[in-house]
Participant: 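One structure, pasted below without further comment.
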Amino acid sequence: MNVMKTTDPRLHYLTPLKQTPFHPRTAAENRLNDWGPWAGYTTALSFGDTAMEHSAIRNTASVYDLCPMVKYRVTGPDAAAYLDRLTVRNASKLSVGGVHYTIWCDDAGKVIDDGTLFRLGPTDYRICCQERHLPWLLDSAIGYEVAIVEETEDVAALSLQGPCTYSVLKAAGFDVADLKPFRMRTFPFDGGEVMISRTGFTGDLGYELWTTPAHAIALWDHLFAAGAPWGIRPIGTHALDIARIEAGFIITNLDFIPVDQAVREDRARSPFELGLEWMVDFDKGHFTGRRALLKEKVNKSSKWALVGLDIDGNVSVEGSIIYQNGKTEVGTVTAACWSPSAKRNIALAQVRRPYHESGNLFVEVYALRELQYAKLMLPARVCERPFFAPPRRRTTPPAPF
Amino acid sequence: MPSFDVIVIGGGTNGLAAAHRLQSSGRKVLVLESAAAAGGAALGHEFAPGFRSPGLAHVANQIDNRVMSGMDLARHGLGFVTSSVSSTALSATGDHLVLEGAAGASIKGNLSDADRKNWLALRKQLLSFAEVLAPFKQITAPRIAKGAGNEFGKLAKFGLNLRMLGKADFREFLRMILINVYDVVNDELTDKRLKGLLTFDATLGSWLGPRSPNSLILLLNRLSGEVAGQRATLALPKGGMAAVAEAMVKSAAASGVVVRTGAAVDSLLIEDDKAVGVTLANGEEVRAKLVVSAMNPKTTFLKLIGPRHLDAGFVKCIGDQKSRGAAAKLHLALKAAPDFRGADLKSRLVIAPSDDQVELAYNAVKYGEVPKRPVMEIVIPSAHETGFAPTGQHVLSAVVQFAPHKPKAGPDAARAEMLENTLAMLEEHAPGIRSLITHAELLMPYDIEARYGMVGGNWHHGELSVEQMLFLRPIAGIAQYATPIEGLWLAGAGCHPGGGISGAAGWNAAERILREVRA
């Protein structure tokens, strides 16, 4: 790839996408040159064989470049109080060294974004999320003694996922035997540090490794050397997407439109409408959107439901319209795949209430078969998420596969 | 401590009006006022030994008629020295123009026949527009939302009145409603003194210049005011504006309202996300079923409540609400009567030599500077009655514009410069006046903020401008006196229809509360 080396900021347009600190390694591995943009970075969609990459997530060990994920650091004496007010969960209760999945809403209780919150110290947190939110985070800081800094470019991160990842880390010299899910620990590495959290986006055993860009290449090389006996391989976004659908995880701007970006007023969604009401803590005190959400809860005024669907057949149904009784339009599939792990045809979908409980749903699919479409109306059933949840994701210490 | 149904925070005119209205409907009301006496901006003070100011406000032009009769202020001692103060557009050569009667029904002085004729036509038109707008002040601002509880009957009547203007005037209304006052006076008039007076009146108490968009609507707002049953008139209460405050306090007390002075509220008591009372500065808790804040909206939300009980977007909006004041208040103690080249000292004396001079005076504050030649309205209460100054001596009260609320030069330097420039303008129009001054007090917008709690020194507790009127006052979403916190209501000038010694906002708020909340 031809990269302009220049310090003149006016020439930024010559490189509309940035490269992550791991780019020298991912570029060398990307046999089909299959790249896509993610939050301003060029990232691998696949390294040549999506099926094998997904297989690595579920059977061996996979490595995914996480650098483009947007990261904010929140520090200061009011950091916990600030995050309690910003997000719907109780950030004060999150213990130091812990991580939780969370969301934050606007005044009307509509979801702005989801992400993971890391408590690095008593007054030190990191937010990881899909979209950029500095103005909202700063507006939310009015009246709080906190400092908020975007640190996306200051952190290099890899996601190491798969049943053999514990063994790989052990071979790499990182003892995470007693590290429970959603906990983290820091190790010295390469003259610096690497923080390892037992987190991920696959619903499997896995870890995320966090260091600075200066140690990125060394970390990559170290992991691949240690993981070679387990068939460690880099994976692209396509493989990860299959794994996250199997795990039932949603992605901002794919499974819902964040309210601050939605152009159409009716596209905004509340936590109740995304199946995330379980995390809303109404008892922790006030937080942004609380009054609107309480009203929605009391009045049962939610209009949508985010559900998992199990569909007949094996034709993947992404983007399809959902009907009840084959004629009333009741929703849209937001993500779908044939699940290699569950051996089921699965989907995530937004369904207008109360049709999420009505049964008799059909998914309309146009299957392209040698240049001709076959129109299919496939029966679909609302079902529990996750579609695939191996016990190994939680077992501590993990089994040495 | 007896228990109360309602606590009203702030004993200014709006707080007292709301308290009286609520008490009269059977609720037990406690008013908490931080100062030593209730009355807020209507209160006068002794600014030099033996010399008393008539109040921050010094002319009455819009005491709400519901407050006037509902509180029976006349029975509680409110009388008027005169209810038709003339206005004199002062000339530095003595060639004054005197507007008499409501909104200048007749003009004395040298004025061309064309201007005289055109003024009467313009006046008639402005008054007819003001007449249409006037009822709006006495209803809760309508909202464009489902289930907003709009007063559709009254709104329909407003629409009908608008149509009753006739096709030509209705078209003119739509053309002019958002126009600037500079263009209007220059379309119709040529006389600089008259144009200066009109543009001064339109921008009085605002953060707008004559050429700023929408400045005409403030003149219409002024003309839609009513005192003692007369539209668009200027009145002087006997004893100054303080008499309005005193009558309101007496009336409130007579109705059973308890007014506690020297009771500064530190914070709102919130339990289970509901307002249940207040905590005073001395730590004392006072509880009630409802809390009504007649304080500044910014103060109410950002200080008494705090961001932690509010949504982030809301806090940002209330913080961004514009509240810049540009009016300074001058009090002079004079050892003898000044001579404004023969002008009647019982008139409201306006130094606004031309529309351009008003605009130039405004230009300075845009950049945080003091204008070289400020414009002002002068009232000499001691020319009307005793009690303001020792016999033979006088008090000059002036609203001087435009004064920066955040001066680049710093507060003390700006105050000194503003005073000097103001006295120079006075000297130009009343030669020898400087030698009569025994004491001078100039309250800059930041002094007014410190003394009266008006954020930015803005009279209206938030600029009165089109983008902060009606359903946008104080900000969108809380324009109907209710707040995001159950049990907390707003009743101050920061709400519709704005400030001035009127009581309309407080009365409207009480009406809304009575309609929305069961006793």
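Quick note: numbers below take in every heavy atom, side chains included, and nothing from hydrogens, waters or symmetry partners. Numbered from 1 within each chain, the chains take letters A, B, ... in sequence-line order.
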Participant: As a quick check of understanding, evaluate side chain to side chain donor-acceptor pair (under 3.5 Å) for B:Tyr481 and B:Arg512, giving each step before the final call.
Facilitator: CA-CA 7 Å; B:Tyr481 310 103; B:Arg512 187 73 177 179; over 6 Å; no
Participant: Pairing donors with acceptors under 3.5 angstrom, does anything connect the side chains of B:Glu463 and B:Ser465?
Facilitator: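 No, no side-chain donor-acceptor contact under 3.5 Å.
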Participant: For the interface with chain A, which of B:Arg308, B:Glu486, B:His309 has the highest count of heavy-atom pairs at distances below 4.5 Å?
Facilitator: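 Option with the greatest count: B:Arg308.
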Participant: Is a side-chain donor-acceptor pair under 3.5 Å present for A:Glu208 with A:Thr199?
Facilitator: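 The answer is yes; a qualifying pair exists.
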Participant: With a 4.5 angstrom heavy-atom cut-off, which part of B:Leu310 approaches chain A: side chain, backbone, both or neither?
Facilitator: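 Answer is both: backbone and side chain atoms of B:Leu310 are under 4.5 Å from chain A.
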Participant: Side chains of B:Asn458 and B:Ser323: do they bring a donor and an acceptor to under 3.5 Å?
Facilitator: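 Judged by distance alone, the side chains do not pair up.
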Participant: Where on A:Asp260 is there a heavy atom nearer than 4.5 Å to chain B: the side chain, the backbone, both, or neither?
Facilitator: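 Contact with chain B involves no heavy atom of A:Asp260 at all.
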Participant: I'd like to know if the side chain of B:Thr279 pairs up with that of B:Glu285 as donor and acceptor (distance under 3.5 Å, no hydrogens or angles considered).
Facilitator: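 No.
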Participant: Under 4.5 Å heavy-atom distance to chain B, tell me which part of A:Tyr144 shows up: side chain, backbone, both or neither.
Facilitator: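 For A:Tyr144, the contact with chain B is made by backbone and side chain together.
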Participant: Using heavy-atom distances under 4.5 Å, tell me whether A:Ala81 contacts chain B through its side chain, its backbone, both, or neither.
Facilitator: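 Only the side chain of A:Ala81 comes within 4.5 Å of chain B.
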Participant: Are the side chain of B:Arg473 and the backbone N or O of B:Ala493 linked by a donor-acceptor pair below 3.5 Å?
Facilitator: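 Confirmed, B:Arg473 side chain pairs with B:Ala493 backbone.
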Participant: Given a strict heavy-atom distance threshold of 4.5 Å, which part of A:Asp107 is in contact with chain B: side chain, backbone, both, or neither?
Facilitator: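 For A:Asp107, heavy atoms of backbone and side chain both lie under 4.5 Å from chain B.
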Participant: Identify which of B:Ala312, B:Gly313, B:Gly306 forms the greatest number of heavy-atom pairs closer than 4.5 Å to chain A.
Facilitator: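 Winner by heavy-atom pair count: B:Ala312.
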